[in-house]
Amino acid sequence: MTGPEAMIRSCDGVYTPREDSYLLSDAVMRIAKAGSKVLDLGTGTGIQGITAALLGCSVTFSDIEEKAVECAKRNAELNGVSGRFVTGDMFDSIVERFDMIIFNPPYVPSDALNEGVKGEDRALLGGVKGREVMDRFIAEYKEHLLQEGCALIIETGPNGYDKDMKDGAEILAKAHYFFEDIVVLKLQ
Ligand code: GLN
C-alpha cells in the first residue's frame, strides 16, 4: 500500500468493490501521480477515482447509472475529496483528455446482449466472451488520452486478455480468483 485507502460505503444496486476492484485500486495507488488528470469510467461506488483523488489527482467520475454517480459522490464526500461527476454511456459525455483512464468493465461472459442488461448486472455482464463493453472501450480510449497517458483496465482469462498484449501494453497485476486469472492491464 503506497497511499491512503479509500473508505467506501456500498449503495443499493451499485457494484460493491470486490477482489477485482482491489487489484485495480492497488495498481492505481502504485502509479497515480499527484496533479494528473484522471477519468474513472464506470465508477460505481467511486473506489478507483477516490483512490486517485486521495493521491492528489484531479478526477472525473463517470457512470452510465445515475445511482452509481450519486453513490460515488457520497463516497467522495466521505473521503473529503472532490471531483467532476458525469452520467453517461462510456465516452459519450466526455470531451476532454486525461493522463490516466481507469476502467473495471463488465467482463463476465453472457448470452445477454449488453443493451438488454439492466441494473446491477450492468456492472457484470459483458456479452460474448465478456468483451462487448471492453472492446468499445479499447476502440475509443486513445482519443481521450493526453500525450504519455495510459489506461488501466481489468480483463480476465476468459476474455482472452492476451489479445490486448500489444503496443507496449503491460500486466501491472495478476491474481487467480475462483476459476480464472484476473489482470490489470496498462494500455498506452
Ligand atoms: N467480480 C465480478 C464477478 O465475478 C465481475 C465484476 C465485473 O465484471 N467487473 O461477479
Side-chain angles (χ1 to χ4, degrees), residues 5-6 8-29 31-32 38-52 59-72 75 86-92 94 100-141 150-165 169 171-187:
E5 200 163 344
I8 298 297
R9 286 207 187 122
S10 46
C11 308
D12 254 9
V14 178
Y15 182 71
T16 298
R18 291 196 258 278
E19 290 83 354
D20 51 342
S21 320
Y22 297 121
L23 198 67
L24 184 55
S25 61
D26 281 354
V28 170
M29 266 188 232
I31 74 162
V38 169
L39 171 64
D40 179 8
L41 203 61
T43 186
T45 59
I47 178 170
Q48 310 304 338
I50 293 168
T51 301
V59 179
T60 299
F61 300 80
S62 172
D63 204 287
I64 192 168
E65 292 278 348
E66 180 67 37
K67 62 179 152 194
V69 176
E70 292 305 320
C71 181
N75 277 313
V86 177
T87 307
D89 185 7
M90 189 77 74
F91 291 109
D92 285 359
I94 307 287
M100 183 161 82
I101 304 174
I102 311 166
F103 192 33
N104 180 358
Y107 57 65
V108 177
S110 151
D111 290 338
L113 280 177
N114 211 266
E115 270 172 25
V117 175
K118 293 277 171 270
E120 207 177 341
D121 277 353
R122 265 187 159 166
L124 307 176
L125 304 182
V128 179
K129 286 186 99 186
R131 290 206 62 101
E132 201 177 314
V133 177
M134 195 176 278
D135 280 340
R136 274 182 63 204
F137 176 84
I138 285 170
E140 294 175 35
Y141 78 92
C150 68
L152 297 195
I153 183 171
I154 295 262
E155 294 198 19
T156 70
N159 300 146
Y161 66 82
D162 298 8
K163 173 180 184 291
D164 296 316
M165 291 304 300
I171 296 179
L172 291 189
K174 185 172 186 172
H176 192 77
Y177 292 116
F178 300 100
F179 306 104
E180 64 196 18
D181 283 336
I182 299 188
V183 296
V184 176
L185 296 187
K186 179 181 177 209
L187 309 175

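These figures come from a predicted structure and were not determined experimentally. Indexing begins at 1, ligand by ligand and atom by atom, following the structure's order.
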**Prompt:** Quick one: does Tyr15 get within less than 4.0 Å of ligand 1, heavy atoms only?
**Reply:** yes
**Residues Glu155 and Arg131 bridged, charged N to O under 4.0 Å** = yes
**Message:** Show the atoms of ligand 1 that are less than 4.0 angstrom away from any heavy atom in Ala123.
**Reply:** 7 (C), 8 (O), 9 (N)
**Aromatic ring proximity, centroids under 6.0 angstrom, Phe91 and Tyr141** = no
**Asked** N/O of Pro105 under 3.5 Å from N/O of ligand 1, yes or no?
**Response** yes
**Item:** Salt bridge Asp89-Arg136, side-chain N to carboxylate O under 4.0 Å
**Value:** yes
**Request:** For the pair Lys129 and Asp135, find out whether any cationic side-chain nitrogen is under 4.0 Å from an anionic carboxylate oxygen.
**Result:** no
**Contact summary for Gly44 and Val14, nearest pair of heavy atoms** = C-CG1, 3.6 Å
**Fill in**
min-distance protein heavy atom vs atom 8 (O) of ligand 1 -> Tyr107 N, 2.9 Å
**Prompt:** So which heavy atom in the protein is nearest atom 6 (C) of ligand 1, and how far is it from that ligand atom?
**Reply:** Asp20 OD2, 3.1 Å
**Nearest-neighbour protein heavy atom for atom 10 (O) of ligand 1, which is reported as residue plus atom name and distance** = Leu124 CD2, 3.8 Å
**Asked** Quick one: which of Leu39, Leu24, Thr43, Leu152 gives a side-chain contact (heavy atoms from CB on, under 4.5 Å) with Gln48?
**Response** Leu24
**Message:** Show me which atoms of ligand 1 lie under 4.0 Å from any heavy atom of Pro106.
**Reply:** 8 (O)
